[in-house]
Amino acid sequence: KVLQLTLAIIKPDAVAHPLMLEALHQRILDNNFLIVRCKDLAWRRQDSEKFYAEHSGRFFYQRLVEFMSSGSMRAYILAREDAIRHWRELMGPTKVFRARYTSPSSIRAQFGLTDTRNTTHGSDSVESAQREISFFFPDFCVGEWMEKEEPSFRS
Ligand code: DAT
Ligand code: MG
């Protein structure tokens, strides 16, 4: 099994509630993800616009950009076999009400407030994972990490 990295974010709606943040952190550990990097940060509006540039023009873009720069969030680099797919599965569908119907035990079903305030983010492909990891952790070098930190991981 091949180790894969993904970028996960706990969004401002969840970080604002310490117990929710704690529950989500635990959820990551309980699902066999290795936490490679973790940091708390807040975006300026322009960071938010840049990160979500692919959605500019969509009806929810302004709302999304404003929300994502409204408070602290927590970003993770997570490692696991098939990490991208597993994390997205754990999050559930983008839309909270769909999540509640189709994946009631998913993070977005349990904690999401609205389709925009939906608790977490996860990369959706190998390419976006690479882009998003360097967006948040510009100094992170996967080769160096493999070599120096000798990750042993569960799968
Ligand atoms: P995902 O976060 O599941 O990858 P996405 O990339 O399509 O979903 O959209 C990015 C974020 O934009 C999403 O997490 C919340 C917001 N969003 C997407 N679709 C929306 C909608 N129909 N209404 C409100 N917000 C939406
Ligand atoms: Mg997306």
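Counting starts at 1 for both ligands and their atoms, following the listed order.
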Could Asp30 and Arg27 be called an ion pair, given the rule that one side-chain N must be under 4.0 Å from one carboxylate O? no

Using atom types as modelled and distance alone, determine if a side-chain donor or acceptor of Arg74 lies under 3.5 Å from a backbone N or O of Lys39. no

Does the gap between the ring centers of Phe51 and Phe135 come in under 6.0 Å? yes

Under 3.5 Å, is there a donor on one side chain and an acceptor on the other for His86 and Gln4? no

Pocket residues around ligand 1 (non-hydrogen, under 4.0 Å) come out as Lys11, Tyr52, His55, Phe59, Phe60, Arg63, Leu64, Arg88, Thr94, Lys95, Arg108, Asp115, Thr116, Asn118

Assess whether a salt bridge exists between Asp47 and Lys50, defined as any Lys/Arg side-chain N lying under 4.0 Å from an Asp/Glu carboxylate O. no

Aromatic centroids of Phe67 and Trp43 separated by under 6.0 Å: no

